[in-house]
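Both backbone and side-chain heavy atoms feed into the values below; hydrogens, waters and symmetry mates do not. Throughout, a chain's letter reflects where its sequence line sits, starting with A, and its residues are numbered from 1.
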Amino acid sequence: MMILLISVITIFIIILLALGIAMSPAMVFILTGIIPYVVFVILLAGFAHRIITWGRTPVPFRIPTTCGQEKSLPWIKANPVENPAGALGVIARMVQEIFLFRSLFRNTDVKIIGGRPVYDGAKWLWFFGLLFHVSLLIIVLRHLRFFTEPVIPCVGMLSALDGFLEIGVPALYLSDVALLAGFTFLFLRRVIIPQLRYISLFTDYFALLLIAGVAVTGLLMRHFFPADLNALKTLTMSWITFAPVVPEGIGVLFSMHLCFVFFLIAWLPFSKLAHAGGIFMSPMRNMANNNRSLRHVNPWNAPVKVHTYAEYEDEFRDKMKAVGLPVEKE
Amino acid sequence: MKNKKWGLIILGLVIFVLAITFPFWYGKGRSMPPPVLSLDTPVINALTVKRCVEDTAFMRASHMKFLNAWRDEAVREGVRLYKAKDGRTFEKSLTGTCLQCHSNKEQFCDRCHNYVDAKPSCYNCHVIPGEVKK
Amino acid sequence: MSFAKIPKPDDLINIAYAPPASEWMKTPVDFRPGTWSYSAAGKNLASLDLPNPRAWQPTDEDWKLPENWKEIIIEGMRDRLGKYRSFRLFMDICVRCGACADKCHFYIGSGDPKNMPVLRAELLRSVYRRYFTTSGKRFGKLAGARDLTVDVLKEWFYYFYQCTECRRCSVFCPYGIDQAEITMMGRELLNLVGCNINWVLEPAANCFRTGNHLGIQPGGIKDMLEFMTDDIEDRTGVRVDVPLNKKGADILFVTPSADYFVGRRQFRPLCVPRHDQAP
């Protein structure tokens, strides 16, 4: 619980920082003129560094985790996705893992009922995890309207679809509701389920709270404390053209939103959030299980100490001769 | 370290970088200035004191919620008169009040709305005086 | 052999899944009887050239580790982080989603939270963070990092040998984080300072020296095979020829040592059944 408290306090510190920044023109200049570029460079460089460090480490053994029939004789029905035999199977498996969270779908939980362990499906984590991530993606794509001019038609269509229920003015987006639902589930389960509370670290709570901070400030800005979107897009477009037009003052909510977002972007490559890139490199998922058909050599094939037959015979020659076994050297 | 999969990893990284920096290289070379709203309408030009219902900063940020409140109060509660902060009275009507002055939808309303991709459904029903005449 | 108190079924199924009140980093390891394997005998380490052969047991207070055991392990980690992408990735990528938590049958059967795959990996990961990541070096406990102490080593010994490396956890993890890899790394690190179990090392040393896991010497092997051919002749009337070390042979047939140390029931698969007779 201490860790949860510390992560909440850290969020409050960021909020206070944002409030302070909003009150000082010099800090506004730094926040909207300099920090965006710094943070973006940190994201690109940090992420590339992470991926390259992982990439430079070799994969000595071809041991993907599989759970289906391996490709074998022609009359044995193989499972091409659970146990991929080639690139196509691997791609199908990876695509389903990344876009549909395949492994989480088969999740189960166990309870002792009537003196036996009983397993039941546990698909809520899959549902809310997927909801959370997909709505994050949709929201990021919708924000492209601030960074492109003229706005890409697809983004416009996405916004129209997202707000098709036309609840309220401006329209309430379904992805916002979904994000809040997903976040609530993920946060509550981390706080309520004892096993998860036992293993959760500061980064786990903090990452969730940070994203929630971004979402909540964004929603407040959209529905309750509207901002001058024209001026906002002028600012964001000026970022794109490398000629930042720093506004005279920014709203408190916008300052908080920016602080949360920049913190998240800069922190992303150095935390568990880099799982976004790591999943592509996981040797247990992205390799085809074809050890029976192709020979794979360990790139750093370490020498192994072997015991030769000559050494064996040197030790046991007398005993072998005693029982009449032929020997190489008399 | 010799690694046959470097090609794929670098490709992935390149795709990631391109995707993340998409706004930077999309539309490169095009100038994208913010829109300038035109107040050049006969009614506005004839005004002696050029003032909207409320001040510009408020309107820029909140005219959508403002108009939504007008819609609810006028249509659902029958309260059709609005008293502005400076004491003037207006009828709560998009076409009857706002669009009388701002009759140039394409040079006024649309410029901002297209810029920030805000597509209100108001215009599905509300006619624009100037456009009908065309 | 001691007749340990055998628990009743009702006691056995009485598994508490709720984690204990104390934090996992502060919960010490309890080497209760029946929960750990005996440590490897010195002669087995010596024959395999493994470091630090000596007489010791996990229940001892002093495990007689080498003076610089900490450096050895940290250098060992550094070496393996550079050689195994799986190791490096799995140290970085876990998001503590908990999907793996109740998938390990050791956890399901014991309720010990450190048998949850996520926490078993954290045993190693916390030390990795402390010595190999900036946030771990700077923020310590807050970043989930801890120092490598003898108690940590004992915890590793206790839990890394409670994994059968079945990889079920990896099936349920979205990234495929594999306890088999992690416990293999952990066991390799423990090997570097001479902490291994006899159950693994005695067969390995015997195979190395004599070619079979029981350490049976040439005379014994010849006797076993003759005994087998005698039995086959009794049942089928056919005297099978089993050439051992025959000079000028064209084919060298090498079998796993378990094949010739079988019981009587397993003799049937060794005989080729006739298609018109019941086996």
Point to revise | Intermediate values then yes/no, side chain to side chain contact (heavy atoms under 4.5 Å, CB included), Met284(A) and Ile177(C) | key: CA-CA 7 Å; Met284(A) 303 315 175; Ile177(C) 297 182; over 6 Å; no
Point to revise | Which atoms of Arg189(A) approach chain C - backbone, side chain, both or neither, heavy atom under 4.5 Å | key: side chain
Point to revise | Segment of Phe139(C) engaging chain A (4.5 angstrom heavy-atom cut-off) | key: neither
Study note, to complete from the structure: Looking only at Ile112(A), Leu273(A), Thr203(A), Asn286(A), the option with the highest number of non-hydrogen pairs under 4.5 Å against chain C is Ile112(A)
Check your understanding: Looking at Ser135(C), Gly98(C), Ala99(C), which has the largest count of heavy-atom pairs under 4.5 Å with chain A?
Key -> Ala99(C)
**Study point:** Any side-chain heavy-atom pair of Trp300(A) and Tyr84(C) under 4.5 Å
**Key:** yes
Check your understanding: Contact part of Lys141(C) toward chain A, heavy-atom cut-off under 4.5 Å: side chain, backbone, both or neither?
Key -> neither
Practice item. Among Lys305(A), Met320(A), Glu311(A), single out the residue with the greatest number of heavy-atom pairs under 4.5 Å to chain C. Key: Lys305(A)
Check your understanding: So, Tyr119(A) versus Asp102(C): side-chain donor-acceptor pair below 3.5 Å or not?
Key -> no
Check your understanding: With no hydrogens and no angle check, is any side-chain donor or acceptor of Arg88(C) less than 3.5 Å from a backbone partner on Trp54(A)?
Key -> no
Exercise for review: Look at the side chain of Lys247(C) and the backbone N and O of Val327(A), then say whether any donor-acceptor pair between them is shorter than 3.5 Å.
Suggested key: yes
Exercise for review: Please work out whether the ring planes of His307(A) and Phe208(C) are parallel, tilted or perpendicular, with thresholds of 30° and 60°.
Suggested key: perpendicular
